[in-house]
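Heads up, the thing below is written out as structure tokens.
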Amino acid sequence: MQLSEPLTRAYNAQVKLEFESSFVYLQMGADLELRSLPGFSRWMRLQAAEEHGHAMKFIDFVLSRGGRLELQALEKPAPTPGTVVEVFEAALRHEQRVTKAIHDLYAQALEERDFASLPLLQWFVNEQTEEEATVSQILERLRMVGEDRTGLLFLDRELGQRQAGGGGAAGDGGEAAEAAG
Ligand code: FEO
């Protein structure tokens, strides 16, 4: 069954949001690099790559369903906040916005009885739970550290250990996912 026009439009909007997410993290990562925080920067850069992957996953799905990809102009990322805590607060707000968009998409697919969309969207629902949990956990730890420079450098080293494909504070994302579930 071919994707309906309204659902194709909604998927194209989601592709835009995922590419914007990639830009948001790339900008944050670049700015953290300039603030001599290479670990936080690496984490953000890998997150940017993951968001790019999310956009591609939606694109592949649209095409596999005979829908037309229509790329949109992207919003410029907001200026990166001044403190690392504020950066991660902004990241969490961003992920909450993405979660809402995914849930809206899920509701629309259900309403249209487009059942072929559901496995993909369920994957994204789970992914968002994990991403929000990971960012929340990092944020909590940043708040614990507060103004302590040594603690900040410790977290920088830890986040710098993130491997491609993982979102967790120490790299694999499992810890945060467990904490959330
Ligand atoms: Fe692809 Fe972080 O939302």
Side-chain angles (χ1 to χ4, degrees), residues 7-32 39-65 67 69-81 84-109 117-142 159 162-181:
L7 211 42
T8 302
R9 270 197 302 279
Y11 276 116
N12 277 317
Q14 190 64 34
V15 166
K16 173 179 189 270
L17 185 55
E18 299 292 347
F19 277 131
E20 280 175 355
S21 303
S22 185
F23 267 35
V24 163
Y25 291 118
L26 201 53
Q27 184 68 62
M28 287 173 171
D31 290 330
L32 291 168
F40 284 106
S41 175
R42 174 182 166 79
W43 191 94
M44 288 292 178
R45 209 177 252 249
L46 288 173
Q47 190 59 36
E50 204 165 289
E51 298 299 352
H52 186 274
H54 290 171
M56 297 309 293
K57 214 172 163 83
F58 278 118
I59 288 174
D60 285 341
F61 182 75
V62 167
L63 295 178
S64 76
R65 298 285 310 284
L69 171 68
E70 196 172 348
L71 292 172
Q72 319 277 325
L74 304 182
E75 295 286 333
K76 180 179 169 179
T80 303
V84 185
V85 168
E86 289 166 339
V87 171
F88 276 84
E89 282 170 350
L92 183 58
R93 279 196 302 275
H94 184 80
E95 287 307 326
Q96 287 164 343
R97 186 179 148 217
V98 174
T99 299
K100 186 182 178 308
I102 299 276
H103 289 184
D104 287 349
L105 203 44
Y106 194 106
Q108 188 177 341
S117 280
L118 301 188
L120 174 82
L121 294 175
Q122 185 61 55
W123 185 89
F124 274 101
V125 168
N126 298 345
E127 176 72 5
Q128 284 308 120
T129 302
E130 192 183 311
E131 290 203 342
E132 282 194 33
T134 301
V135 174
S136 295
Q137 190 199 49
I138 295 170
L139 191 51
E140 278 313 305
R141 298 178 73 192
L142 279 166
L159 263 74
R162 177 175 178 177
Q163 301 299 315
D172 67 6
E175 220 181 317
E178 273 163 34

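All residue numbers refer to positions in the sequence shown, counting from 1. Everything numeric here is computed off the predicted structure, so don't read it as measured data. First listed ligand is number 1; within each ligand, the first listed atom is number 1. Computed from heavy atoms alone, side chains included, the values below leave out hydrogens, waters and symmetry copies.
Protein N/O/S atoms found under 2.8 Å from atom 2 (Fe) of ligand 1, listed by chain and residue number: Glu51 OE2, Glu95 OE1, Glu95 OE2, Glu131 OE1.
In this structure, Phe124 has its ring center no closer than 6.0 Å to that of Tyr106.
Looking only at atom types and distance, the side chain of Gln128 has no donor-acceptor partner in the side chain of Gln96 under 3.5 Å away. Residues Gln27 and Asp31 bring a donor and an acceptor atom of their side chains to less than 3.5 Å of each other.
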Acceptor/donor pairs from residues 8-15 side chains to any protein atom, 3.5 angstrom cut, sequence neighbours excluded:
{"unit_1": "Thr8", "atom_1": "OG1", "unit_2": "Ser4", "atom_2": "O", "d": "2.7"}
{"unit_1": "Tyr11", "atom_1": "OH", "unit_2": "Ser117", "atom_2": "OG", "d": "2.7"}
{"unit_1": "Asn12", "atom_1": "OD1", "unit_2": "Glu70", "atom_2": "N", "d": "2.9"}
{"unit_1": "Asn12", "atom_1": "ND2", "unit_2": "Thr8", "atom_2": "O", "d": "3.3"}
{"unit_1": "Asn12", "atom_1": "ND2", "unit_2": "Arg68", "atom_2": "O", "d": "3.0"}
{"unit_1": "Gln14", "atom_1": "NE2", "unit_2": "Glu18", "atom_2": "OE2", "d": "3.0"}

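Using a cut-off of 4.0 Å between Lys/Arg side-chain N and Asp/Glu carboxylate O, Arg162 and Glu50 are scored as salt-bridged.
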Please determine whether ring pair (Phe, Tyr, Trp, His ring centres under 6.0 Å) holds for the pair Phe88 and Trp43, giving the CA-CA distance in whole Å, both sets of side-chain angles, and the decisive distance to 0.1 Å.
CA-CA 11 Å; Phe88 276 84; Trp43 191 94; 5.5 Å; yes
